[in-house]
Trainee: 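Structure in structure tokens, see below.
Nothing here was measured: the structure is a model prediction, and the numbers come from that model.
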Amino acid sequence: MKEGEQRRVVCFMQPNFTDVLKRKAETEQKVFSVTTFDDCDTFHVRVECIDKSIQREPEKRVAFKLFKELPQPTELQQIASSLVNSLADLNEPQIAILFSEDDHVRAYVRPNSDKPVEQATVLCQPSTSQLYSRSRGILESSLLKDRRVAVVGLGSGGSHVVIELAKAGVGKFTLVDYDRIELQNIIRHICGLTDLGRLKTNAMRDRILEKNPFAEVKELGIPALYGSCAVRAAGGQVVRVRPNVGPCFSCIYVDAAMEAIQEEMSSFHQAREAQPPYVGDDEVEATIQVGLSSDIVPIANMLVKLALVELCRGKDSALATLEKDLEASFYMWANRREQQYAGYTADSFHRFDEPGILRWYPMRSERRPDCKICQNMEGSAENREFFLLLKDYIHMSIFLLIQMSVNVTLLRTPGGLNIHG
């Protein structure tokens with residue numbers, strides 16, 4: 001390598017990479033997969049053990065050797081060269097991995113068959129504490145690693161919420177969405193062109209694991225947060241329901257004295273289903289009015305903030321003060337003075353004595369004594385037992401419904417709480 005040149009980088013993409021290499025079961029064989037990036041500058045390496053009875057071609061890309069202690073650098077270079085030469089002929093980059101019993105690792109790359117091996121920089125997948133080291137003192141990852149979050153709807157808002165919660169350290173997710181990544185999603189979505197055509201649940205699962213490889217993607221819990229955007233994301237609102245603690249969804253909307261905002265139509269399929277059969281496709285197309293990503297993100301960020309407050313409730317964290325600051329059940333946001341926000345005055349952004357754009361407005365609500373839903377939840381022995389069983393689980397769980405519409409009804413059934421859009 002010439003002076004001043006940067007080393008190539010070999011990344012081990014599993015937390016237990018060297019542990020897998022150390023396994024010495026006679027019935028197993030090691031199989032490597034190597035992904036190359038940036039003109040053979042960076043290599044992502046994975047390894048798995050499979051049964052020896054499975055017929056495979058001889059390994060061509062990676063060779064390895066375990067030492068009690070690593071030899072001196074000059075000797076390592078010679079050993080690496082010998083290991084690479086033992087591989088099948090291949091005019092592509094080949095890798096030698098040398099490591100000790102105490103997990104000191106060196107990697108060497110031969111760019112092609114005409115060049116000598118050269119030492120590479122090794123990046124191992126970090127531990128959880130290393131992964132979230134930049135959050136220490138503000139939000140300890142240990143507070144969130146066992147918390148469960150379910151996100152229903154993985155569009156431009158829901159995908160942003162999922163990633164921010166994964167970056168904050170939430171350890172367990174349930175993802176729900178029937179849709180696939182389409183071309184019209186790309187400009188606003190966390191996922192990109194490489195995910196085109198994939199189910200949103202699968203694509204977002206991979207995005208979570210890219211941020212937190214220790215995360216689990218499964219299971220469901222409560223309380224519930226509801227996020228919604230108006231047509232063209234002119235504004236939005238966030239609702240929080242904490243069962244048996246505050247008002248239910250019905251209480252909040254009666255107090256808010258408002259009707260459901262018109263649903264955003266973001267795809268032809270969605271718009272077609274919302275229109276009668278006699279409405280032509282051209283007219284259906286005209287109803288598709290999506291919002292800008294920058295107008296959706298404020299609502300998604302508020303959902304993230306409230307989710308973190310709920311997940312850390314009662315714990316010793318820097319977010320504890322937000323339990324009082326963000327105690328309302330209903331929050332409204334306006335991006336522009338149109339639709340239901342058209343009555344805002346032109347200079348409202350510069351004033352604080354009347355509603356204005358780009359500000360959150362909370363509304364506190366209490367449980368209504370005449371609310372039939374709350375009465376039914378309290379009065380039924382079955383319901384009381386249901387929530388008593390969940391008492392401890394509620395404090396460790398949260399259910400996010402990221403529905404970018406707000407035509408939602410909440411029904412109590414013998415099986416629990418059903419949420420319908």
Side-chain angles (χ1 to χ4, degrees), residues 149-168 170 173-211 217 224-239 260-274 285 287-308 331-336 338-339 341 357-358 360 398-408 419 421:
V149 174
V151 181
V152 182
L154 299 172
S156 50
S159 63
H160 179 84
V161 170
V162 166
I163 290 302
E164 289 303 316
L165 291 176
K167 285 156 63 174
V170 172
F173 291 86
T174 292
L175 307 180
V176 181
D177 198 310
Y178 70 91
D179 211 354
R180 295 178 181 272
I181 301 292
E182 299 178 357
L183 275 173
Q184 61 265 31
N185 300 139
I186 297 299
I187 199 67
R188 305 190 302 170
H189 207 275
I190 290 293
C191 296
L193 285 170
T194 55
D195 295 304
L196 194 61
R198 298 184 68 195
L199 288 170
K200 290 179 179 178
T201 48
N202 294 344
M204 289 306 302
R205 174 203 60 209
D206 292 347
R207 289 293 181 270
I208 290 172
L209 295 176
E210 285 175 1
K211 294 296 181 182
V217 183
L225 300 178
Y226 302 81
S228 62
C229 284
V231 171
R232 301 199 305 169
Q237 55 199 38
V238 173
V239 177
I261 59 176
Q262 187 180 354
E263 181 180 1
E264 178 190 88
M265 295 296 171
S266 58
S267 68
F268 179 82
H269 174 76
Q270 182 187 15
R272 178 70 276 176
E273 287 192 341
E285 286 279 3
T287 68
I288 302 174
Q289 301 183 57
V290 299
L292 294 173
S293 174
S294 56
D295 286 339
I296 295 169
V297 165
I299 290 86
N301 278 339
M302 187 57 147
L303 282 163
V304 172
K305 187 67 71 176
L306 287 173
L308 292 175
Y331 295 88
M332 176 173 282
W333 173 275
N335 285 309
R336 299 183 300 279
E338 61 181 67
Q339 299 176 51
Y341 316 107
I357 63 168
L358 305 184
W360 281 106
I398 191 164
F399 171 42
L400 290 175
L401 175 62
I402 313 304
Q403 166 150 332
M404 301 321 282
S405 67
V406 79
N407 296 316
V408 179
I419 299 173

Trainee: Answer yes or no: is there a side-chain heavy-atom contact under 4.5 Å between Arg188 and Ile296?
Mentor: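 Heavy-atom side-chain distance check passes, below 4.5 Å.
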
Trainee: Grab the two heavy atoms, one from Pro298 and one from Asn335, that are nearest each other, plus how far apart they are.
Mentor: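 Reported closest heavy-atom pair: CG-OD1, 4.3 Å.
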
Trainee: If every non-hydrogen atom of Ser159 is compared with every non-hydrogen atom of Met204, which pair is closest and at what distance?
Mentor: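 Answer, listing the atom of Ser159 first, then Met204: O-CE, 3.6 Å.
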
Trainee: So, Asp295 and Arg232, do they make that salt bridge, N to O below 4.0 Å?
Mentor: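 Salt bridge flag = no for Arg232 with Asp295.
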
Trainee: Looking at Ile181 and Asp195, what are the two nearest heavy atoms and their distance?
Mentor: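 Minimum heavy-atom separation between Ile181 and Asp195: CB-O, 3.5 Å.
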
Trainee: Quick check: do Arg207 and Cys191 have side-chain heavy atoms less than 4.5 Å from each other?
Mentor: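 Yes. Closest side-chain heavy atoms under 4.5 Å.
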
Trainee: What heavy-atom pair brings Leu225 and Ala307 nearest, and what distance separates the two atoms?
Mentor: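 Smallest heavy-atom distance, with atoms named: CD1-N, 3.5 Å.
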
Trainee: Between OG of Ser156 and CG of Leu292, what distance do you get to the nearest 0.5 Å?
Mentor: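 Nearest 0.5 Å value for the OG-CG distance: 10.5 Å.
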
Trainee: If you compare all heavy atoms of Gln339 against all heavy atoms of Ala230, which two are closest, and at what distance to 0.1 Å?
Mentor: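 For Gln339 and Ala230, the tightest heavy-atom pair comes out as OE1-CB, 3.9 Å.
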
Trainee: Do you know which two heavy atoms are closest between Leu175 and Arg205, and how far apart they sit?
Mentor: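 Looking at all heavy atoms of both residues, the closest pair is CD1-N, 3.7 Å.
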
Trainee: Rounded to the nearest 0.5 Å, what separates atom NZ in Lys167 from atom CD1 in Ile208?
Mentor: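 Result: 12.5 Å between the selected atoms.
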
Trainee: Return the orientation label for the Trp333 and Trp360 ring planes: parallel under 30°, perpendicular over 60°, tilted otherwise.
Mentor: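 Trp333 and Trp360: tilted rings.
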
Trainee: With rounding to the nearest 0.5 angstrom, report the CG to CG distance, Leu306 to Asn301.
Mentor: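 One finds 11.0 Å between CG of Leu306 and CG of Asn301.
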
Trainee: Does Ile187, at its CD1 atom, have more than 12 non-hydrogen atoms belonging to other residues, nucleotides or ligands within less than 6.0 Å?
Mentor: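 Incorrect, the count does not exceed 12.
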
Trainee: Can you tell me how far OG1 of Thr194 sits from CD1 of Ile186, rounded to the nearest 0.5 angstrom?
Mentor: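 Interatomic distance, Ile186 CD1 to Thr194 OG1, rounded to 0.5 Å: 8.0 Å.
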
Trainee: What is the distance from atom CG of Leu303 to atom CD of Glu164, rounded to the nearest 0.5 Å?
Mentor: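 The distance works out to 12.0 Å.
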
Trainee: Enter the distance from Ile299:CD1 to Met332:CE here, rounded to the nearest 0.5 Å.
Mentor: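 Ile299 CD1 to Met332 CE: 10.5 Å, rounded to 0.5 Å.
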
